[in-house]
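Quick notes on the structure that follows.
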Amino acid sequence: ELPSAAAVLAAAEVAAEPSESSTGETVESEETSHFLHQTVCFLCLCFMISAAVDHCNLIVPFQWRIPFSVALCLTGMALGWLAYGVLRPLRDKGSLEGLEAVTDGFIAAAELDPHVVFYVFLPPLLYESASAMSWHVLRKVLASSVLLAVPGVMINIVFTGCLVKLITDDVTWGGAMLLASILSATDPVAVVAALHHLGAPKKISTLIEGESLLNDGSAVVFFFVFLDMVTPTAPDSEKQCPQATFGCIFSFFLQLAVGGVLFGQLMAWALWFWIGKVRKYHAPNLEVVLVIVACYGTFVAAEAIHVSGVLATVTLGARVSSDIYVELSHHARHIHHTWFAHLGYMCNMALFFLAGMVCYHFIFEDPCQYHLFKDGTMWLNLLFLYIFIHITRGVMVLLFAPCLRRWGYGLTKKEACFLIFGGLRGAVGLSCALMVMHNKYVDPRMAAVITFHVSGIVVLTLLINGSLVDEFYNKLHIYPHNPFRTTRVRKALAKVEDECLRAIRRAKSDWFFKGSEFELVYACVPDLRKIDFDEGSNPVTSEGADVHHVLRTLVLRIDGSCQSKHPPPSASEFRSEFLKVKAESRPQGEEGAYPHSRHDLKAWLGGGGDAHAESTEERDQFVRVKDLGFHQLEWEGPKGHSGTYVSARPIDAFEKDEFTVQILEQCGGSIVVGVQAEPNANGDRHCNRPT
């Protein structure tokens with residue numbers, strides 16, 4: 001019996017109606033696609049704008065440049081204002097059709113998940129900084145860095161927390177200590193870059209950088225402890241220390257700090273063992289891939305087993321600097337240095353760009369809608385806090401001064417002042433602030449106060465300390481200028497210049513370089529006798545002629561020569577001219593300028609030699625030429641003397657009556673390759689036995 005039309009239509013409607021599960025999967029797929037689109041748009045614009053900022057900063061005269069990290073932070077804040085103040089209202093009105101992904105990408109970046117910073121950007125930065133430090137210098141200042149990073153962080157937290165509780169009632173004691181622990185993590189990227197540019201000794205930059213790497217780990221440990229104190233309603237499964245007792249906190253600290261160091265040592269040993277097995281296969285790309293996997297794998301695995309990923313990655317980098325780096329092949333070392341330098345550069349670009357957007361979002365947009373930026377008291381408290389964190393850092397350095405003066409390379413008063421001034425705040429502090437903001441168990445008002453002050457301190461330290469670090473270093477005169485060094489450098493460079501000019505005069509007199517444009521080309525080379533010294537007492541040469549202009553001039557002259565009535569000589573003419581000049585440069589023998597035997601050939605080419613060399617035995621002759629084996633020869637004579645090799649084998653011994661000469665390396669002079677026919681008894685040079 002056929003079904004009725006109504007039954008068929010009902011069945012079709014049921015079949016066409018999507019199920020609830022399929023609808024949910026479709027919506028989730030669309031959201032994922034939209035999120036990926038936002039992320040790709042933001043990253044592309046982020047790196048493009050950062051590259052443009054770096055380029056513009058290089059165009060600016062040197063005395064007016066600002067540190068790259070400061071410029072990126074300001075650019076990020078400007079784009080944060082553009083995204084929230086201009087693009088978002090236009091998007092809500094529907095005026096940005098087709099550009100919604102760009103706007104949403106910038107807004108999503110300002111509300112970034114903190115785990116993206118921790119798991120994507122932080123590991124390569126920590127590893128690159130730790131592995132790039134000189135292990136010999138780090139070993140000397142390691143004790144001082146640990147002293148500043150562990151007991152010093154505790155002192156900073158206590159003093160700063162007391163001040164925060166004193167100036168504001170919007171936070172509890174736990175919240176004050178939480179804010180203090182966030183502000184204890186330093187990020188001296190701008191300071192270290194300035195020290196490298198200024199030519200400062202490695203001891204001060206390594207001390208500052210080593211303290212920063214270690215106190216990032218210790219500050220994060222204290223951050224999690226105090227985060228548990230301000231989230232009493234959170235379940236025990238989301239707390240690090242459910243019972244806030246001294247024993248629990250101490251054991252948690254040991255678990256993260258000591259466990260992180262031990263796990264980093266374990267991963268370093270595994271990396272060393274694996275690289276040793278791979279190196280014999282001459283696969284430099286594989287060696288570097290193993291290091292990259294170890295960098296990210298150490299951080300992720302350490303966090304998974306609840307130990308400090310920061311300290312584990314820093315330990316891995318220090319071990320690579322000390323003994324694993326030498327296990328890499330030569331090519332792998334070059335790739336390793338280039339890869340991590342570029343990766344660190346790009347991560348810094350993204351982090352400081354994001355830092356500017358996050359700071360604008362926290363200060364002026366106020367996600368919790370408390371509008372703290374409109375309260376003048378908050379800005380005054382922020383200014384007091386900025387001044388006080390330098391005071392507490394100064395007290396900490398003063399308390400540890402007896403140890404710092406005696407340990408490692410020691411610490412002078414001026415170095416201590418620079419150490420206090422160089423305590424900038426950055427990515428780790430902002431990541432912790434993002435965690436506070438995204439934690440639903442933290443009081444919203446207290447979270448807004450903490451994020452406002454953290455963002456404000458990051459901006460102030462970057463703008464003030466980061467921009468004035470060069471001027472502060474030069475005003476202190478930490479390492480007085482040595483006038484004898486300048487004199488010695490000038491004399492050495494002048495001697496190098498004289499040697500170059502002497503070599504050029506010899507080259508100009510050689511027949512091979514006859515007619516060369518020496519004056520025109522040498523104008524491109526800086527004159528080492530006319531040098532200046534920059535702020536770091538590094539020699540700076542005066543610029544020579546424009547290379548492109550010189551090349552264009554040479555091309556025009558060559559084109560004119562080719563179009564003239566006297567074209568360049570042919571190969572046969574060049575050979576004849578060569579033999580003529582060569583013969584005129586040697587005293588003629590009884591039989592004329594050209595040789596007629598192997599012995600005459602050796603004497604004509606300048607071989608000389610004694611009577612023993614003129615042996616009647618048919619063997620190869622070597623004069624100032626070394627036989628390396630495998631048909632390879634090497635000239636080993638003194639400067640100004642030629643070498644000669646004459647083979648005793650007849651030409652018909654070569655396959656197909658021909659041979660090939662390959663020049664592996666030539667370090668000056670000329671190489672003459674030829675065939676000499678040995679005359680027969682009648683003096684006929686065209687005999688059947690050429691050699």
Side-chain angles (χ1 to χ4, degrees), residues 66-67 69-71 73-74 76-78 80-81 153 155-173 175-188 190-191 219 352 355-368 370-398 417-430 432-434 436-437 445-469 471-472 475:
I66 60 176
S69 55
V70 179
C73 184
L74 292 176
M77 294 187 70
W81 168 81
V153 166
I155 293 174
N156 264 325
I157 290 174
V158 172
F159 287 167
T160 307
C162 292
L163 175 73
V164 171
K165 183 60 181 172
L166 182 65
I167 62 177
T168 179
D169 295 329
D170 293 322
V171 296
T172 61
W173 275 105
M177 295 299 172
L178 180 65
L179 175 58
S181 65
I182 296 174
L183 296 178
S184 297
T186 58
D187 186 9
V191 175
F352 282 102
M357 298 193 67
V358 171
C359 288
Y360 178 86
H361 177 61
F362 281 163
I363 295 174
F364 297 104
E365 287 300 318
D366 197 356
C368 299
Y370 286 104
H371 303 293
L372 299 179
F373 69 95
K374 297 180 179 179
D375 188 354
T377 306
M378 284 294 173
W379 291 100
L380 190 61
N381 292 342
L382 179 62
L383 181 61
F384 284 151
L385 186 59
Y386 170 76
I387 297 173
F388 196 76
I389 59 174
H390 290 82
I391 296 175
T392 57
R393 188 169 173 82
V395 171
M396 179 257 300
V397 172
L398 183 62
C417 293
F418 190 83
L419 182 65
I420 296 169
F421 187 80
L424 280 69
R425 274 64 174 177
V428 175
L430 282 176
C432 294
L434 283 167
V436 173
M437 180 58 65
R445 173 75 181 184
M446 184 166 58
V449 172
I450 290 175
T451 52
F452 175 85
H453 285 89
V454 170
S455 303
I457 293 297
V458 169
V459 172
L460 288 176
T461 54
L462 275 175
L463 293 182
I464 299 175
N465 300 46
S467 300
L468 299 179
V469 61
E471 193 70 23
F472 189 76
K475 291 293 184 183

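Start at 1 with the first residue, then count along the sequence.
How far OG of S467 is from CZ of F472: 14.5 Å, rounded to the nearest 0.5 Å. Taking NE2 of H453 as the start and CG of D170 as the end, the distance is 8.5 Å to the nearest 0.5 Å. How far CD1 of I157 is from CE of M396: 11.0 Å, rounded to the nearest 0.5 Å. Annotation: the span from L424 atom CG to I457 atom CD1 amounts to 11.0 Å, rounded to 0.5 Å. To the nearest 0.5 Å, atom OG1 of residue T160 and atom CD1 of residue I391 are 10.0 Å apart. Atom CG of L178 and atom CD1 of I450 lie 4.5 Å apart (nearest 0.5 Å).
In this structure the side chain of V459 reaches within 4.5 angstrom of the side chain of M77, judged on heavy atoms. For the pair W173/C162, a side-chain contact is recorded, criterion being any heavy-atom separation below 4.5 Å from C-beta on. For the pair L468 and F421, the minimum side-chain heavy-atom distance is below 4.5 Å. With a 4.5 Å cut-off on side-chain heavy atoms, L463 and L74 count as touching. Within the 4.5 Å cutoff, the side chain of L385 has heavy atoms near those of the V164 side chain.
Nearest heavy atom pair, residue G429 against residue V454, reads O-CG1, 3.7 Å. When every heavy atom of S455 is checked against every heavy atom of T451, the shortest pair comes out as OG-O, 2.8 Å. Taking all atoms of both residues into account, the shortest heavy-atom contact from A176 to G161 is CB-O, 3.4 Å. Contact between A433 and I182 at its shortest, heavy atoms only, is N-CD1, 4.3 Å. Across all non-hydrogen atoms, the minimal contact from T461 to G423 is CG2-O, 4.5 Å. P67 and G466 get closest at one heavy-atom pair: CG-O, 3.0 Å.
A donor-acceptor pair under 3.5 Å links the side-chain atoms of R425 to the main chain of L183, judged by distance alone.
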_side-chain contact (heavy atoms from CB on, under 4.5 Å) for F384 and L380? Distances and angles first, verdict last._
CA-CA 6 Å; F384 284 151; L380 190 61; 3.9 Å; yes

_Using side-chain contact (heavy atoms from CB on, under 4.5 Å), reason through F418 and V469 one step at a time and then give a plain yes or no._
CA-CA 9 Å; F418 190 83; V469 61; 3.6 Å; yes

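Taking the six-membered ring for Trp, F452 and W379 have ring centres closer than 6.0 Å.
Between the side chains of T392 and N156, at least one donor N or O sits under 3.5 Å from an acceptor N or O.
Applying the ring-ring contact (aromatic ring centres under 6.0 Å, His included) rule to Y386 yields the partners H390; only residues at least two apart in sequence or on another chain are considered.
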